[in-house]
Protein chains: 2
Amino acid sequence: MNKPQRKKAGKKDLILLKAAAMFREKGFAATSMRDLAEAVGIEAASLYNHIRSKNEILETICFDVANRFHTHIEEIDSNHDHAIKKVETLLRFHIKQMIENFEEVHVADREWRHLEEPYLSNMQAQRRNYRKRIAAIIQDGINKKQIANIDASTSVLIMLHAISGIESWHRSKAKISAEELENNMIRLLIDGLRNSDNK
Amino acid sequence: MNKPQRKKAGKKDLILLKAAAMFREKGFAATSMRDLAEAVGIEAASLYNHIRSKNEILETICFDVANRFHTHIEEIDSNHDHAIKKVETLLRFHIKQMIENFEEVHVADREWRHLEEPYLSNMQAQRRNYRKRIAAIIQDGINKKQIANIDASTSVLIMLHAISGIESWHRSKAKISAEELENNMIRLLIDGLRNSDNK
DNA sequence: CCTACCGATCGGTAGG
DNA sequence: CCTACCGATCGGTAGG
């Protein structure tokens with residue numbers, strides 16, 4: 001073999017991947033650049049040829065994930081489905097993301113508080129906005145009598161946090177399958193939204 | 001009592017209180033003993049006249065909270081209520097704890113991974129066991145046809161994580177009242193458990 | 001990508 | 001409860 005195959009921007013991606021895994025496992029603050037370097041297989045100083053700072057890694061992870069969710073909710077908002085269908089689509093996307101891109105999604109959700117300004121305020125605003133959009137979808141469904149008369153913000157709180165609980169599914173030994181988990185979650189979370197007359 | 005509201009070991013309690021608040025806000029790893037000392041109003045070195053180490057503070061918080069929940073589920077397990085009533089009692093207790101003792105309950109729930117051995121394994125086992133007991137209550141209800149035929153472990157996952165989402169209620173500005181929040185959560189979380197014939 | 005190293009800060013101790 | 005200070009480790013840089 002002449003040269004090991006070059007992944008496009010491979011080393012930086014590897015750093016981000018390992019960082020996500022370690023930030024999830026130990027938390028951002030408790031992960032040192034030396035730990036990370038060891039996982040990547042280089043010296044700590046060499047990390048800085050690929051990234052500018054520890055915080056930049058967190059910024060990349062958090063905003064990548066946020067953009068993905070933002071793009072998805074834009075799509076949902078622009079279609080004309082039944083409100084329950086919209087919520088279901090949103091939840092299935094969240095669940096899939098949490099299962100398939102577990103490390104980075106979980107880090108974005110739990111460690112964003114360690115961002116520095118101005119990123120911290122930016123992310124805070126994005127998160128607030130995102131929740132408001134989901135609440136608006138639900139409230140719209142309530143107004144159109146498509147959804148039971150519940151408190152929209154409580155519902156959003158429950159749904160989003162329940163989904164972040166998939167973390168403990170990942171950790172559990174006697175796992176049900178990802179598909180079963182998704183369908184069980186959808187059933188339990190969507191059921192409370194239905195009007196008694198279309199249950 | 002002869003003296004009005006005299007805290008006994010007052011300084012240590014104050015340290016634990018401030019520590020819980022700071023661990024919640026910034027995380028265990030990102031909170032320094034110097035930060036904590038400043039919040040308490042003494043020098044960092046003086047903290048060690050009241051506590052043995054930073055980790056001991058976390059241990060105290062985590063095991064205090066765990067014991068509280070353990071005691072409560074023992075009570076529930078020893079009564080003979082309808083399964084749905086048992087779950088509701090449990091959920092209301094969790095919600096109240098999360099509202100009234102927010103800082104320490106939230107720290108116990110999020111920061112226990114920073115415990116050192118043997119406390120880490122101990123806490124891990126306690127948590128696993130606690131979830132199993134809740135799942136058993138639900139499964140028992142399913143077997144007795146008191147609860148719909150759902151996946152018990154998914155239900156536990158959703159319920160417990162939804163409740164830890166009360167954190168974002170604390171942070172929100174336009175809050176609904178604590179009582180409303182509790183009742184909304186109970187409604188949304190319990191509804192999915194009911195059999196269609198007693199809905 | 002490495003060796004060598006920086007100043008800052010960490011948790012914690014000695015001694016009063 | 002304080003001053004003074006410890007060794008360890010942190011994120012990051014210089015220079016090759």
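All values below were derived from every heavy atom in this structure, side-chain atoms included, with hydrogens, water molecules and symmetry-related copies excluded. Order of the sequence lines sets the chain letters (A, B, ...), proteins ahead of strands, with each chain counted from 1.
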Colleague: Are any of the side-chain heavy atoms of A:F69 and A:Q97 separated by less than 4.5 Å?
Modeller: yes
Colleague: Would you mind reporting whether A:I57 and A:L36 have side-chain heavy atoms less than 4.5 Å apart?
Modeller: yes
Colleague: How does protein reach along nucleotides 3-16 of chain C, written 5' to 3' as B (base within reach of a heavy atom under 4.0 Å), S (only sugar-phosphate), or - (no contact)?
Modeller: BB-----BBBB---
Colleague: Kindly indicate, with the supporting measurements, whether the criterion side-chain contact (heavy atoms from CB on, under 4.5 Å) is fulfilled by A:N79 and A:T89.
Modeller: CA-CA 11 Å; A:N79 74 30; A:T89 305; 5.9 Å; no
Colleague: What pairs meet the ring pair (Phe, Tyr, Trp, His ring centres under 6.0 Å) rule with one or both residues in residues 122-152 of chain A, with sequence neighbours excluded?
Modeller: A:H94-A:Y130
Colleague: Take A:E179 and A:N183 through the test side chain to side chain donor-acceptor pair (under 3.5 Å) and record every step on the way to the result.
Modeller: CA-CA 6 Å; A:E179 198 188 345; A:N183 289 328; 4.5 Å; no
Colleague: With distance as the sole criterion, is a donor-acceptor pair present between the side chains of B:S78 and B:E74 under 3.5 Å?
Modeller: no
Colleague: In dot-bracket form, 5' to 3', how is DNA chain D paired? Count Watson-Crick and G-U wobble pairs only if both distances fall under 3.5 Å, and write | where the partner sits on another strand.
Modeller: ||||||||||||||||
Colleague: Fit a plane to each ring of B:F102 and B:H170, take the angle between them on a 0 to 90° scale, and name the class: parallel (under 30°), tilted (30 to 60°) or perpendicular (over 60°).
Modeller: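 Rings of B:F102 and B:H170: parallel, under 30°.
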Colleague: Where do B:R127 and B:W112 land on the side-chain contact (heavy atoms from CB on, under 4.5 Å) test, with the steps shown first?
Modeller: CA-CA 10 Å; B:R127 290 176 66 91; B:W112 63 269; 3.2 Å; yes
Colleague: Which of residues 20-27 of chain A have a heavy atom under 4.0 Å from DNA chain C?
Modeller: none
Colleague: Sequence neighbours excluded, which residues qualify as ring pair (Phe, Tyr, Trp, His ring centres under 6.0 Å) partners of B:H70?
Modeller: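 Result, ring pair (Phe, Tyr, Trp, His ring centres under 6.0 Å) vs B:H70: none returned.
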Colleague: List the atom pairs, with distances to 0.1 Å, where a side-chain N or O of residues 154-163 of chain A and a protein N or O form a donor-acceptor pair under 3.5 Å, not counting sequence neighbours.
Modeller:
from	atom 1	to	atom 2	distance (Å)
A:T154	OG1	A:D151	OD2	2.5
A:H161	ND1	A:L157	O	3.1

